[in-house]
Amino acid sequence: MPQVLTFPRITDPRGSLSFAQDLPFAIKRVYWIFDLSSDAVRGAHAHKQCQRILIAISGSFNAVVDGATFRLSKPWIGLWIKPGEFLDLNDFSGGAACIALASHEYDESDYIRARPTWNNQPSIHAAPPAASRQYADWQYADEWRKEREAMTYFEEWK
Ligand code: TYD
């Protein structure tokens, strides 16, 4: 289950500042995407091992994870995407930019491009959901994992 992380947000008359520390994994790589046209489609893959936290550092876009849509639009919200979760990014606003904090260095062999077919896709979420999900929300994550482990797709790379 992707998890919504709420970072500290410090606002004063000069503007706002957010930061990420004590993350659930060590960052090995940071990448960012920008100059995106509104009809661009990015992502379209899962990773075997790499975890990522996506942040809409500017503008907004959809992060669709295993069919669940998270509209990312707030620079103090991160979406933590785990191995095996299939990510599509689309519907970019003008000036949208996404920064990704990744647990692994770039490795083409870590990509899973086969799109899974989901029988029971989760419903549409807006980010952040009513109860903002924090790092410690493991129970929710476990439910999602159990559901997905029952699906044959994961046999491909276990
Ligand atoms: P790609 O993974 O297709 O980007 P996205 O998931 O945003 O659609 O990567 C686009 C190109 O950039 C591809 O040639 C691989 C390269 N790339 C790197 O060299 N290093 C990186 O860290 C990333 C994410 C991509």
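All residue numbers in this chain count up from 1 along the given sequence.
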**Q** Return yes if some donor-acceptor pair links the side-chain N/O of Ser58 with the main-chain N/O of Gly95 below 3.5 Å, else return no.
**A**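 Flag set: sc Ser58 to bb Gly95 pair under 3.5 Å.
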**Q** Go through the structure and list residues passing side-chain contact (heavy atoms from CB on, under 4.5 Å) with Ser93, not counting sequence neighbours.
**A**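 Ser93: side-chain contact (heavy atoms from CB on, under 4.5 Å) contacts with Ser60, Arg71, Ala96.
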**Q** Please report the closest heavy-atom contact between Lys48 and Pro83, naming both atoms and the distance.
**A** O-CB, 3.3 Å
**Q** Check each of His47, Gln49, His45 against Asp110 using the side chain to side chain donor-acceptor pair (under 3.5 Å) test, and report the only one that passes.
**A**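 Of His47, Gln49, His45, side chain to side chain donor-acceptor pair (under 3.5 Å) with Asp110 is met by His47 alone.
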**Q** Checking the side chain of Asn62 only, and the main-chain atoms of Val64 only, is there a donor and an acceptor separated by less than 3.5 Å?
**A** no
**Q** Closest approach of Ala63 and Leu79, non-hydrogen atoms and distance?
**A**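 So the two residues come closest at CB-CD2, 3.7 Å.
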**Q** Please identify which of these residues, Glu85, Gln3, Gln51, meets the side chain to side chain donor-acceptor pair (under 3.5 Å) condition with Trp80.
**A** Gln51
**Q** With hydrophobic residues grouped by side-chain heavy-atom distances under 4.5 Å, do Ile99 and Tyr31 end up in a single group?
**A** no
**Q** So how far is it from Ile57 CD1 to Lys74 NZ, rounded to the nearest 0.5 Å?
**A** 14.0 Å
**Q** Report the C-alpha distance between Leu101 and Leu23 in whole Å, list the side-chain angles of each, state the deciding distance to 0.1 Å, and finish with yes or no for side-chain contact (heavy atoms from CB on, under 4.5 Å).
**A** CA-CA 10 Å; Leu101 315 178; Leu23 291 174; 3.9 Å; yes
**Q** If the plane angle is over 60° it's perpendicular, under 30° parallel, otherwise tilted; pick one for Tyr111 and Tyr106.
**A** perpendicular
**Q** Just do the side-chain contact (heavy atoms from CB on, under 4.5 Å) check on Ile10 and Phe19 with the steps written out, would you?
**A** CA-CA 9 Å; Ile10 301 170; Phe19 58 91; 3.9 Å; yes
**Q** Any heavy-atom pair between the side chains of Val41 and Phe92 that's under 4.5 Å?
**A**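 No - every pair of side-chain heavy atoms lies 4.5 Å or more apart.
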**Q** Can you check side-chain contact (heavy atoms from CB on, under 4.5 Å) on Ile81 and Leu54, steps first, answer last?
**A** CA-CA 8 Å; Ile81 297 165; Leu54 305 182; 3.5 Å; yes
**Q** Ala20 and Phe7: which non-hydrogen atoms are nearest, and at how many Å?
**A** CB-CE2, 3.6 Å
**Q** Please list all pairs meeting salt bridge (Lys or Arg N to Asp or Glu O under 4.0 Å) that have one or both residues in residues 26-45, counting only residues at least two apart or in different chains.
**A**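 Passing the test, one end in residues 26-45: no pairs.
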**Q** Can you list the residues that meet the side-chain contact (heavy atoms from CB on, under 4.5 Å) rule with Arg14, with sequence neighbours excluded?
**A**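 For Arg14 the side-chain contact (heavy atoms from CB on, under 4.5 Å) partners, ignoring immediate neighbours, are Asp12.
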**Q** First locate atom CD1 of Ile53, then atom NZ of Lys82, and finally report the distance between them rounded to the nearest 0.5 Å.
**A** 9.5 Å
**Q** side-chain contact (heavy atoms from CB on, under 4.5 Å) between Leu72 and Phe61: does it pass, once the steps are laid out?
**A** CA-CA 6 Å; Leu72 297 184; Phe61 54 86; 3.8 Å; yes
**Q** Can you see which heavy atom on Phe25 is nearest to which on Ser103, and at what distance?
**A** CD1-CB, 3.4 Å
**Q** To the nearest 0.5 Å, tell me how far Leu5 CG sits from Ile77 CD1.
**A** 8.5 Å
**Q** About how many Å separate CG of Leu89 and SG of Cys98, when rounded to the nearest 0.5 Å?
**A** 6.0 Å
**Q** Does the Asp88 side chain pair with the main chain of Gly43, one donor and one acceptor, at a distance under 3.5 Å?
**A**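 No; zero donor-acceptor contacts below 3.5 Å.
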**Q** When you measure from the side chain of Ser18 to the backbone N and O of Pro8, does any donor-acceptor pair fall under 3.5 Å?
**A**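 Present.
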**Q** Quick one: closest heavy-atom pair of Pro75 and Ser73, and the distance?
**A**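 Closest approach of Pro75 to Ser73: CD-O, 3.9 Å.
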